[in-house]
Structure formats: structure tokens, C-alpha cells
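Shown next, in C-alpha cells, is the structure this report addresses.
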Amino acid sequence: MLNIALVAGSSRNNSQSGKVARAMRQRLIELGHTSHESSSVIDLGLAPLPLWPAEDTGPWNLYRQQLAAADALVIIAPEWNGMACPAIKNFFIYASKAELAHKPGLLVGVSSGIGGAYPIAELRASSYKNCRLCYLPEHLIVRQVEKVLNGPQAADEADERIRGRIDYALDVLVRYGHALQPVREAISFDNPAFANGM
């Protein structure tokens with residue numbers, strides 16, 4: 001059973017990204033991929049990180065421990081004005097290879113409309129650079145998020161479709177999680193000449 005961390009990247013309290021994170025965590029548990037004890041949701045809206053750099057890093061020490069223990073991650077990024085929101089970008093300034101290197105990450109875009117692709121592209125372009133998170137070639141986009149994942153049963157065909165896609169993507173994530181465990185153990189991070197990505 002894997003340890004999986006889900007990061008809800010909205011700075012809003014009671015966000016749709018948080019709802020998606022909790023629904024996906026519940027599904028991971030129902031599918032037997034993880035348990036309540038070996039999974040966690042980091043909700044940046046409920047306990048935000050101070051804007052980097054900050055003298056008081058807020059909840060980062062707790063988040064750092066959860067991330068370091070994780071074998072795989074789900075990164076949930078809401079789209080704000082066609083971009084990944086500041087909270088998730090700030091998160092990746094805090095995160096380093098000590099917590100995330102060579103762990104698989106499933107990107108999930110969230111949109112209240114029919115968008116959601118831009119945060120995926122933006123995070124794929126640069127957020128992995130120094131932390132070395134390995135994004136899966138698979139990703140999810142939860143569109144019209146207010147209408148889906150609101151209860152244990154699907155409300156309509158669109159809700160049913162995204163739930164099926166979530167199950168598929170989580171299965172892929174778990175397989176990568178198992179496959180990359182020996183890779184992480186075999187790679188040394190001791191060479192200071194290669195402390196950051198290129």
C-alpha cells in the first residue's frame with residue numbers, strides 16, 4: 001500500500017480544488033491503493049503557506065513531513081485567469097528534491113467552466129525543475145467542477161465520465177509509485193554540483 005499526498009492548490013477556503021482532493025483521496029482508499037493512515041490532503045486554502053520568502057514558514061514543516069513520507073503525489077491546480085493560481089506556484093518554491101525527487105506526480109487541472117488546461121501546461125513547464133517531481137504523461141482536467149464529485153454517486157453522465165477517468169489515472173499513478181520506489185533509493189543527492197535542475 002502506498003503513501004500518497006494530495007495537494008489542493010487553491011488559496012480559497014472551502015475550495016473546489018479541496019473538494020476534488022478529498023474525493024480523490026476517498027477513491028484511492030476505496031480502490032485499496034492507500035488508507036486513511038497512509039494518505040493525506042494538503043489544502044493550501046485551509047492552511048496557507050506564507051508568500052516566499054518568509055521568516056515564519058507557517059505549516060511548511062508539517063507539509064514537508066507529509067511530502068517526504070509520500071510515495072506519490074496528486075497536484076490539484078485550479079485555473080485562475082488562464083493561469084495556475086499563486087498558491088500552488090508558491091508551494092513549488094518551498095518544495096525541494098528532499099521531499100519530491102523522483103516521485104510520480106499526477107497533475108489535475110480544475111475549472112469552473114470548460115478550461116483547466118493552462119495550469120497543467122504551466123506546471124509541466126517549470127514546477128518540477130528543482131524538486132525533480134516526475135509528472136506522469138497522464139493528467140486530469142475536472143471541468144465545470146461545481147457540478148461533479150458532489151456526493152458518493154454520479155449526478156449525470158459528465159460526472160460518471162470524470163469518475164471513470166479518475167479511477168484510470170489513479171491506477172496509473174499507483175503503478176508508477178511502485179515502479180519508482182527502487183529508482184529513488186538508487187539515486188544519490190550528495191553531489192552539490194547538481195543541487196538544482198538545469
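Just so we're clear, the structure is a prediction, and the values are computed from it rather than from any experiment.
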Leu49 reachable from Ile75 in the ILVMFWY side-chain graph, under 4.5 Å edges: yes

Check residues 96-103 and write down every donor-acceptor pair under 3.5 Å in which the side-chain atom is one partner and the other belongs to a residue at least two apart or another chain.
residue : atom : partner : partner atom : Å
Ser96   : OG   : Ala98   : N            : 3.2
Ser96   : OG   : Glu99   : OE1          : 2.8
Lys97   : NZ   : Ala195  : O            : 3.4
Glu99   : OE1  : Ser96   : N            : 2.7
Lys103  : NZ   : Leu67   : O            : 2.8
Lys103  : NZ   : Ala68   : O            : 3.0
Lys103  : NZ   : Ala70   : O            : 2.7
Lys103  : NZ   : Glu99   : O            : 2.8

First locate atom NE2 of His33, then atom CG of Leu173, and finally report the distance between them rounded to the nearest 0.5 Å. 9.0 Å

Any chance NZ of Lys129 has more than 12 other-residue heavy atoms, nucleotides or ligands included, within less than 6.0 Å? yes

Do you know which two heavy atoms are closest between Pro59 and Pro50, and how far apart they sit? CD-CD, 4.5 Å

Whether the side chain of Arg165 engages the backbone of Leu140 through a donor-acceptor N/O pair (distance < 3.5 Å, no angle test) should be reported. no

Near Phe189 CZ, under 6.0 Å, is it more than 12 heavy atoms from other residues, nucleotides or ligands? yes

Hydrophobic clusters here meaning ILVMFWY residues chained together by side-chain heavy-atom distances under 4.5 Å, can you tell me if Leu123 and Trp80 are in one? no

Does Gln144 reach the main-chain N or O of Gly113 with its side chain, forming a donor-acceptor pair under 3.5 Å? no

Can Val74 be reached from Leu136 by stepping across I, L, V, M, F, W or Y side chains whose heavy atoms are under 4.5 Å apart? yes

List the steps and the verdict of side-chain contact (heavy atoms from CB on, under 4.5 Å) for Tyr135 and Leu106. CA-CA 6 Å; Tyr135 287 126; Leu106 172 64; over 6 Å; no

Under the criterion side chain to side chain contact (heavy atoms under 4.5 Å, CB included), which of Arg22, Arg27, Gln16, Arg163 is the partner of Leu149? Arg163

Main chain of Pro86, side chain of Asn90: is a donor-acceptor contact present, judged purely on distance under 3.5 Å? no

Tyr118, OH atom: more than 12 neighbouring heavy atoms under 6.0 Å: no

Checking Thr34 side chain against Leu2 main chain: does a donor-acceptor pair fall under 3.5 Å? yes

Say you draw a straight line from OG of Ser39 to CD1 of Ile29; how long is it, rounded to the nearest 0.5 Å? 4.0 Å

Atom CD of residue position Glu30 - does it have more than 12 heavy atoms of other residues, nucleotides or ligands inside 6.0 Å? yes

Answer yes or no: is there a donor N or O on one side and an acceptor on the other, between the side chain of Asp71 and the main chain of Asn3, under 3.5 Å? yes

Has the side chain of Asn13 got a donor or acceptor atom that lies under 3.5 Å from a matching backbone atom of Leu46? no

What pair of heavy atoms forms the shortest contact from Pro104 to Arg184, and how long is it? CD-NH1, 4.4 Å

Mind checking whether Ile76 and Leu44 sit in one hydrophobic cluster, side chains of I, L, V, M, F, W, Y counted as touching below 4.5 Å? no

What distance separates Phe91 CZ from Tyr63 OH, expressed to the nearest 0.5 Å? 9.0 Å

Check against side chain to side chain donor-acceptor pair (under 3.5 Å), Arg143 and Ser111: CA-CA 5 Å; Arg143 294 184 167 114; Ser111 176; over 6 Å; no

Let me confirm one number: the SG-OH distance from Cys134 to Tyr128, rounded to the nearest 0.5 Å. 10.5 Å

For the backbone of Ser38 and the side chain of Ser35, can you confirm whether one donor and one acceptor N or O come within less than 3.5 Å of each other? yes

Tell me if the CZ atom of Arg175 is crowded by more than 12 foreign heavy atoms within 6.0 Å. no

Atom CG of Asn61: over 12 foreign heavy atoms under 6.0 Å: yes

Take a 6.0 Å sphere around CD of Glu146 and say whether it holds more than 12 heavy atoms from other residues, nucleotides or ligands. yes

Atom CD of Gln65 and atom OG of Ser40: how far apart are they, to the nearest 0.5 Å? 11.0 Å

